[in-house]
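Data block below; observations after.
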Amino acid sequence: MSKRRLGSVRPPKRCRSDMDNISTSDIVIINGNSHPDLANMVAERMGLKNGGCSVFHKSNRETIVEISDSVRGKDIYIIQTGTKDANNNIMELLIMAYACKTSSARSIVGVIPYLPYSKQCKMRKRGCIVSKLLAKMMCTSGLTHIITMDLHQKEIQGFFDIPVDNLRASPFLLQYIQESIPDYRNSVIVARNPGVAKKANSYAERLRLGLAVIHGEQKEAESDEVDGRYSPPPTRNSTPQHAPSSSRQRTTSVSVGVPEHPVKVKPPLTIVGDVNGRIAIMVDDLIDDVQSFVAAAEMLKDNGACRIYVLATHGLLSSDAPRLLEESVIDEIVVTNTIPHEIQKLQCNKIKTIDISILIAEAIRRIHNKESMSYLFRNVTLED
C-alpha cells in the first residue's frame, strides 16, 4: 500500500460570501426619498456604497433629481418603494429612471418592494385599471427590469413589457411563526375573507396546521347614486306618445326585458373551522385600513381563540391604524420592512418588523451576475 506523501492533500477552497463575486465597478445603487434606510441596508449587505443621487422638491412641489456620479454604461438599481405619499414616490422613480436613461446607463432596474396602486388592477364602475397605466409609465421612463415583492395580484406582471420578478416574503414570515410564536403547533391559520383563502391554505400546508376561513365579510354596497346606473331598460310600450309614428315603428324591444341583478345581502359573519383554545394567525399581503382585521380578531376572540397574530408583507398602516391596533384584541402584528413604519411603531407597541433586505440584495446579485432566480422561488406554488 502506497503511503500518501505529506502535503499531498489539497487545502480546502476558501469559502466566499455570496457578494464576493460582484463586480463593483459597473453597478450603482441609488434611491429616492421613500425608504432610504432599506436602500442603505441593501447596499451594505452587498458591500457597496450608495450612489450619489439627490432627490428634492422645489417650492412649487416639482421634483428635481441630481445624480453626482457617472452612470454611463453601468447597471443602475433604483430602490424606491410605495408609501402613503404614493404619487411623489412614483414621480421620483420615473424621473430618476429617465435621468439614468438619458445619461446612457446600460440597464435600469427598478427595485419596488411595494408597488403602488397594485390594488387598482381590476375595472371598477366607471374607473380604470391604474396598474396598467403605471406599468406603461415605468416602461416608458427607461426601466428595463422590475423587482417587487408580493404583488396584490400576480397577473399585474402581464401589464409590463419588461421582465418582472415578484419575490416572496413567505419564507421570512414562516420562519417567524416557527421561531417566535410559542407553541405554534397549537395554531390555526385564518383567512379573514374567502379571497385570502389560497394564501392562508399555502401557509397551513407548509406548517402542517389547520385552516379557518371567516365567511360573510363582503364589500360595502354601492351607493345609490342618481347617475343612470340603476335606470331600467325601456319596455315594449315605452316610446313617448308625442314621438312620430315612424319613430315608434322603428323602436324595437325585447319581449322579456333585461333581468335585474340580485341585490347582495351581507350574511352574518361565521367562522368555518375550529379556533377554540387555539392560536389564531391571520395572514395577508397588505395591512392598511385595519377595521376589517380588528372586526375579525374580535370574532375570533369571541369564538375562543387564546391569542391572535396578524402577519403581512406590507405594513402601510394609514390614518389611525396604529391606535386601532393598540386598542384591539390583536396580540401582535408582524410586517416586513418593505414600507417604512417607524412612526407607527412608536404609536403601537404590538408592531414587529422583519428585515427582508437580504432577499433584495440576493436578487440584485443574481440579476447582475446573470444567474438563475429560481433558487429564490423554490417550493413556491401558485397560491403564494
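All values derive from a computational prediction rather than experimental measurement.
- Under 3.5 Å, the side chains of His215 and Asn193 contain no donor-acceptor pair of N or O atoms.
- In terms of modelled atom types and a separation under 3.5 Å, the side chain of Gln80 and the main chain of Asn89 share a donor-acceptor contact.
- In this structure, the side chain of Ser141 does not engage the main chain of Ala97 through any donor-acceptor pair within 3.5 Å.
- Counting heavy atoms of neighbouring residues, nucleotides and ligands inside a 6.0 Å radius, atom CD1 of Ile343 does not exceed 12 of them.
- Inter-residue side-chain proximity for Tyr203 and Leu209 is flagged as unmet; no heavy-atom pair is nearer than 4.5 Å.
- Of the possible polar contacts, none joining the Glu66 side chain to the Val55 backbone as a donor-acceptor pair under 3.5 Å is found.
- Looking only at distances, a side-chain donor or acceptor of Arg366 sits under 3.5 Å from a matching main-chain atom of Ser372.
- Between the Ser202 side chain and the Lys199 main chain, no donor and acceptor come within less than 3.5 Å of each other.
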Which side-chain N or O atoms in residues 171-182 pair as donor and acceptor under 3.5 Å with protein atoms at least two apart or in another chain?
| residue | atom | partner | partner atom | Å |
| --- | --- | --- | --- | --- |
| Gln175 | NE2 | Glu179 | OE2 | 3.2 |
| Tyr176 | OH | Glu332 | OE2 | 2.3 |

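- For the residue pair Glu205 and Asn201, a side-chain donor N or O sits within less than 3.5 Å of a side-chain acceptor on the partner.
- Leu286 and Leu115 fall into different hydrophobic clusters, defined by Ile, Leu, Val, Met, Phe, Trp and Tyr side-chain heavy atoms under 4.5 Å apart, directly or through other members.
- Distance alone, capped at 3.5 Å, is enough to place a donor-acceptor pair between the Asp355 side chain and the Ser357 backbone.
- Panel note: side chain Thr144, backbone Ile108; a donor-acceptor pair is recorded below 3.5 Å.
- You'll find the side chain of His145 reaches within 4.5 Å of the side chain of Asp165, heavy atoms only.
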With a 3.5 Å cut-off and sequence neighbours excluded, list the donor-acceptor pairs that the side chains of residues 127-136 form with protein atoms.
| residue | atom | partner | partner atom | Å |
| --- | --- | --- | --- | --- |
| Ser131 | OG | Tyr117 | O | 2.7 |
| Ser131 | OG | Gln120 | O | 3.2 |
| Lys136 | NZ | Asp161 | OD2 | 3.3 |

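- Hydrophobic clustering places Met46 together with Tyr375 (ILVMFWY residues linked when any side-chain heavy atoms are closer than 4.5 Å, directly or through intermediates).
- Although no hydrogens or angles enter the test, the distance criterion places a donor-acceptor pair under 3.5 Å between the side chain of Ser68 and the main chain of Gly52.
- Asn166 is linked by a side-chain hydrogen bond (donor to acceptor under 3.5 Å, both in side chains) to nothing, counting only residues two or more places apart in sequence or in another chain.
- Taking the side chain as every heavy atom from C-beta outward, Ile79 and Asn50 never approach each other to under 4.5 Å.
- Residues Asp75 and Ser107 bring a donor and an acceptor atom of their side chains to less than 3.5 Å of each other.
- Leu143 places a side-chain heavy atom less than 4.5 Å from the side chain of Ile162.
- In this structure, the side chains of Ile287 and Val335 come closer than 4.5 Å at one or more pairs of heavy atoms.
- No side-chain heavy atom of Asp69 sits under 4.5 Å from any side-chain heavy atom of Val28.
- Cluster annotation: Tyr77 is not connected to Ile146 through the hydrophobic network of ILVMFWY side chains, with a link wherever side-chain heavy atoms come within less than 4.5 Å.
- Interatomic distance, OG of Ser118 versus CD of Gln153, reported as 9.0 Å (0.5 Å rounding).
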Scan the side chains in residues 274-283 for donor-acceptor partners under 3.5 Å anywhere in the protein, sequence neighbours excluded, and list what turns up.
| residue | atom | partner | partner atom | Å |
| --- | --- | --- | --- | --- |
| Asp274 | OD1 | Asn276 | N | 3.1 |
| Arg278 | NH2 | Ser187 | O | 3.3 |

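- No side-chain heavy atom of Arg365 sits under 4.5 Å from any side-chain heavy atom of His368.
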Side chains of residues 298-309: which donor-acceptor pairs under 3.5 Å do they make with residues two or more places apart or in other chains?
| residue | atom | partner | partner atom | Å |
| --- | --- | --- | --- | --- |
| Lys301 | NZ | Cys306 | O | 3.0 |
| Asn303 | ND2 | Met299 | O | 2.7 |
| Arg307 | NH1 | Tyr309 | OH | 2.8 |

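- The pair Asp285-Lys119 does not meet the salt-bridge criterion, since no charged nitrogen lies less than 4.0 angstrom from a carboxylate oxygen.
- For the 3.5 Å distance criterion, the side chains of Thr353 and Lys345 qualify, holding a donor opposite an acceptor.
- Judged as a ring pair (Phe, Tyr, Trp, His ring centres under 6.0 Å), and not counting sequence neighbours, the contacts of His314 are Tyr114.
- Within the 4.5 Å cutoff, the side chain of Pro113 has no heavy atoms near those of the Thr148 side chain.
- Phe293 carries Arg192 over the face of its six-membered ring, with the cationic atom under 6.0 Å from the centre and within 45° of the normal.
- No side-chain donor-acceptor contact under 3.5 Å links Asp85 and Thr83.
- Tracing side-chain contacts under 4.5 Å through hydrophobic residues (I, L, V, M, F, W, Y), one never reaches Val272 starting from Val188; they form parts of separate clusters.
- Residues Tyr98 and Ile90 do not share a hydrophobic cluster, clusters being chains of Ile/Leu/Val/Met/Phe/Trp/Tyr side chains in contact below 4.5 Å.
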Determine, stepwise, if the pair Val109 / Ile78 fulfils side-chain contact (heavy atoms from CB on, under 4.5 Å). CA-CA 6 Å; Val109 181; Ile78 304 175; over 6 Å; no

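- Judged by distance alone, with hydrogens and angles left aside, the side-chain atoms of Lys350 form no donor-acceptor pair with the main-chain N or O of Asp331 at under 3.5 Å.
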